[in-house]
Engineer: 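Supplied in structure tokens, the structure appears directly below.
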Amino acid sequence: MAPRCVPQCSKFKWRDLVELSGDRSEFSQLSVVAHIDVNAFFAQVEQLRLGLSKEDPLVCVQWSSIIAVSYSARKYGINRMDTLESALSKCEGLKVGHTAVFKKGQSDWSYIDYLPSPKDHKVSLDPYRRESRKIMRIFKLRCSKVEKASVDESFLDLGNVVFQKLLELFPVLKNSLDKSFDDYLPEIPEELPEGLDFKGEVIRCPETDDQDGLVLQDWDDIVMLLASMEAHDIRKQIEKALDYTTSCGIGRVKTIAKLASGLHKPDNQTIIRNCAIDNFLNTHFKFTDFWGIGPKTSGIIKQRLLVPEEDSIGYIKENFTQEELELKLKDPQLATRLYQLVRGLYQEAINTRIDIKSMGSNKNFRGKSVNSVKDLIDWLPVFVGDLIQRLTELDEEQPNCIRRPKTVAVHLWSWNGAYSKQCTVPKFMDLFKLKEVISHEAEHLIKTFASTFDNSPVSLFPLRSFSLNLTSFEVISSKESIDKFVSSSKRNREEHIDSLFKSLGENTKSKPKVEIEEPKNGNITTFLKTRSQVETVTIAASSEDPQACPQCGSHIPEEEMVTHKDWHYAMELQKQLETETQPNNQPLTDVNYPPTSRKKAKLDKNQTRLPFFK
DNA sequence: TACTCACAG
DNA sequence: GGCTGTGAGTA
């Protein structure tokens, strides 16, 4: 049943609404963030690769341990703790997909049709990263700001797109004249426009909702409603284009959205209105569930605050002021964070471009499989190949911002201790050259290590673990146009806010201080604005116009050309995605897969298990 | 630069 | 629970 509106004086000001349209919308009082995670991601990837259906119970394995369990396999009581053997005993028809692997001595990974052994193989997570990037492309098409939290999770800032919808759907917002930033917003209307309703599961608010259903009181509730519709639509697009199901949480801040996304799995979403935050946190979670509060930190908190097992969030909220938390925890940063976390008020930035800081390739060795320098050197192509491959994909993803590592480090773990050594390398643009250098330096570092053990009573071998790391990434080339974009974009956004307010009939005297952070390259900051220009200005463009877009002919202000071209790029990508997608449930044919691996990846679709389990 | 720690999935 | 990955702190 559709929610009812019970209007009351709004708590929110025009400032809050306008901030929702800016590039720091996650800090607005009306902010809304979605957390989307792909259900049993590795299992879904393997299911598609093997041409199986969602109903086929499947596990993704690495050696003989299970790293992901499809939802249909969970029905048999299989979980990640099971060994492959016990999983197979629980489910007769269980399908098994092993991760792709590197073979010792080779620099590219592939899917193989036998059970690989850790003795001469290393796991490759590359296929999952590739699928992850496809999903990210869609997210980036649909909202102005996306933060990739991990290979299968992202945060989406839905503020901008909800702002747009608010203006479209509620004339009372669009037609208000002579408002200043400090005026309160009007009450919400008594009736919602036709067709508006929450999508997904809405957590109840005991104080305001009643037996007849959900009650909307203020604009933040409507923001959540619109966000739920938008998030649902984005998730359906992912499913249509790529065939992945997802779970999603929608809330005021990242931590709330993150907790919410886990509540209704798989393939559903959960909405936390601000009025429901307390009920949501208290009935479902302990303070240890917050992202970033690990075993160590929670141990300290428990000890210093004497937190009881039950109702730990309520306990912290009700018994300590922020000052008391600082006093007890002796860690002002943690105190502030905890104070805000338990109230659902911990507003964190959504980082769109997470600049890569390091990149590593590791492997643990078993027994005496690496018992000499030669054994280790034989493995080197795998580590180097892994890293170079990932650098290649990084370049492809951001062709106008090429990054290279300054240092190469090797880490070795023997049974006697851990050792590491690093050296600087030239920042070659050419990855073939860089590959040579990294191989050479890594080999040199390993040999240096080995020689220091020559006359030592302890031995480096058999080696327990090895890792090759690239660190201190620096930008070595960024296109001139991007630089221009960066320098002009701050002004752009100020103008953006100005023009918004003109459309709102703003009196510019009380213009708010909208903090403007330094921009991210290539990001579609003014996406919506640009889009509406494309739609309305197309015909006015002349072929003589030096500021005409070469692709659509629209007249585009010089400083917006980059953004505008990004938009074209995004649309092209979308087209590409749509044509790449098969209408039936066939596995995706990934044009990016190395030809060798692709051939091997094609397994018989009628096969119920990989051959080695027959 | 070398090493350790914390956290996450 | 083993494995893989990332970032921060410290001397």
Side-chain angles (χ1 to χ4, degrees), chain A residues 35-45 60-69 79-84 86-87 98-102 109 116-119 121-129 132 147-155 247 254-255 258-259 261-262 265 288-301 331 333-334 337 351 354-367 382-383 386-387 390 394 405-414 416-425 441 445 448-449 452 464-473:
Chain A
H35 176 262
I36 300 185
D37 84 358
V38 190
N39 305 309
F41 181 44
F42 290 11
Q44 284 204 72
V45 173
C60 172
V61 298
Q62 151 180 342
W63 320 135
S64 56
S65 38
I66 293 172
I67 55 175
V69 184
N79 61 56
R80 280 182 49 178
M81 291 297 136
D82 281 301
T83 62
L84 185 50
S86 73
H98 196 285
T99 62
V101 288
F102 292 94
W109 54 264
S117 152
K119 210 181 96 229
H121 294 85
K122 168 173 157 48
V123 163
S124 169
L125 302 178
D126 234 50
Y128 312 122
R129 289 192 204 103
S132 179
E147 174 176 334
K148 183 172 181 155
S150 76
V151 73
D152 65 343
E153 293 176 41
S154 293
F155 290 99
S247 297
K254 278 160 73 174
T255 47
K258 162 87 179 160
L259 289 177
S261 69
K265 286 185 167 193
T288 47
D289 296 324
F290 289 117
W291 198 88
I293 306 285
K296 213 74 182 179
T297 315
S298 57
I300 294 171
I301 294 171
D331 179 344
Q333 267 191 323
L334 178 62
R337 181 153 64 110
N351 301 308
I354 331 109
D355 297 345
I356 186 146
K357 307 230 164 88
S358 72
M359 188 186 275
S361 181
N362 322 307
K363 175 161 174 66
N364 295 346
F365 300 112
R366 307 185 176 192
V382 169
F383 294 99
D386 187 9
L387 295 175
R390 282 157 65 185
L394 212 64
K406 205 168 71 181
T407 57
V408 172
V410 296
H411 292 254
L412 293 91
W413 286 265
S414 79
N416 305 310
Y419 314 92
S420 75
K421 228 180 227 320
Q422 65 188 58
C423 65
T424 56
V425 286
E441 293 295 349
L445 290 171
T448 310
F449 256 122
T452 64
R464 193 150 66 142
S465 179
F466 177 83
S467 110
L468 184 63
N469 290 63
L470 305 178
T471 57
S472 312
F473 274 77

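Chain A is the first sequence line, chain B the second, and so forth, proteins listed ahead of strands; every chain is numbered from 1. Below, each value reflects all heavy atoms present in this structure, side chains not excepted, and no hydrogens, waters or symmetry copies.
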Engineer: Over all strands shown, is A/W63 touching base, sugar-phosphate only, or nothing at heavy-atom distances under 4.0 angstrom?
Structural biologist: nothing
Engineer: Go through it in stages, so that I can follow the logic: the residues are A/L468 and A/L387, the test is side chain to side chain contact (heavy atoms under 4.5 Å, CB included), and I'd like the CA-CA distance, side-chain angles, deciding distance and then a yes or no.
Structural biologist: CA-CA 9 Å; A/L468 184 63; A/L387 295 175; 3.8 Å; yes
Engineer: Please identify each residue that fulfils salt bridge (charged side-chain N to carboxylate O under 4.0 Å, His left out) with A/K265, with sequence neighbours left out.
Structural biologist: A/D37
Engineer: For C/dG5 and A/R390 - does any side-chain N or O of the residue sit under 4.0 Å from the phosphate oxygens OP1/OP2?
Structural biologist: yes
Engineer: Could I get the full list of salt bridge (charged side-chain N to carboxylate O under 4.0 Å, His left out) partners for A/R390, not counting sequence neighbours?
Structural biologist: A/D386
Engineer: Just jot down the salt bridge (charged side-chain N to carboxylate O under 4.0 Å, His left out) partners of A/E441, sequence neighbours excluded, or say none.
Structural biologist: none
Engineer: So if I apply the side chain to side chain contact (heavy atoms under 4.5 Å, CB included) rule between A/K421 and each of A/V408, A/T448, A/L412, which one comes out positive?
Structural biologist: A/T448
Engineer: Roughly how many Å is it from CG in A/N351 to C1' in C/dT6, rounded to a whole number?
Structural biologist: 14 Å
Engineer: Distance under 4.0 Å to a non-hydrogen atom of chain A counts as contact; along DNA chain B, which nucleotides mark the start and end?
Structural biologist: B/dT1 to B/dG9
Engineer: Within the structure, does a side-chain N or O atom of A/N362 lie under 4.0 Å from either OP1 or OP2 of C/dT4?
Structural biologist: no
Engineer: For A/R80 and C/dC3, what is the distance between atoms CZ and P respectively, to the nearest whole Å?
Structural biologist: 13 Å
Engineer: To the nearest Å, how far apart are A/F41 CZ and C/dT4 C1'?
Structural biologist: 15 Å
Engineer: Roughly how many Å is it from NZ in A/K363 to C1' in C/dC3, rounded to a whole number?
Structural biologist: 9 Å
Engineer: Whole angstroms only, please: what is the CG-C1' distance between A/L470 and C/dT4?
Structural biologist: 16 Å
Engineer: A/F365: what forms a ring pair (Phe, Tyr, Trp, His ring centres under 6.0 Å) with it, not counting sequence neighbours?
Structural biologist: A/W379
Engineer: Can a side chain N or O of A/R366 be found less than 4.0 Å away from OP1 or OP2 on C/dC3?
Structural biologist: yes
Engineer: Within this structure, what is the CZ-to-C1' distance between A/F473 and C/dT6, rounded to whole angstrom?
Structural biologist: 12 Å
Engineer: Looking at residues at least two apart in the chain, or sitting in another chain, which of them share a ring pair (Phe, Tyr, Trp, His ring centres under 6.0 Å) with A/F41?
Structural biologist: A/Y244
Engineer: What nucleic acid atoms does A/M81 come within less than 4.0 Å of, heavy atoms only: base, sugar-phosphate, or nothing?
Structural biologist: base
Engineer: Using whole Å, report how far NZ of A/K122 lies from P of C/dT4.
Structural biologist: 5 Å
Engineer: Using heavy-atom distances to pick each residue's nearest nucleotide on DNA chain C, tell me which of A/M359 and A/N364 is more 5'.
Structural biologist: A/N364
Engineer: Would you classify A/Y419 as touching base, sugar-phosphate or nothing, given that sugar-phosphate means primed atoms plus P, OP1 and OP2, and contacts are heavy atoms under 4.0 Å?
Structural biologist: sugar-phosphate
Engineer: Check whether any side-chain N or O of A/S358 sits under 4.0 Å from OP1 or OP2 of C/dG7, and answer yes or no.
Structural biologist: yes
Engineer: What is the distance from CG of A/L84 to P of C/dG1, rounded to the nearest Å?
Structural biologist: 18 Å
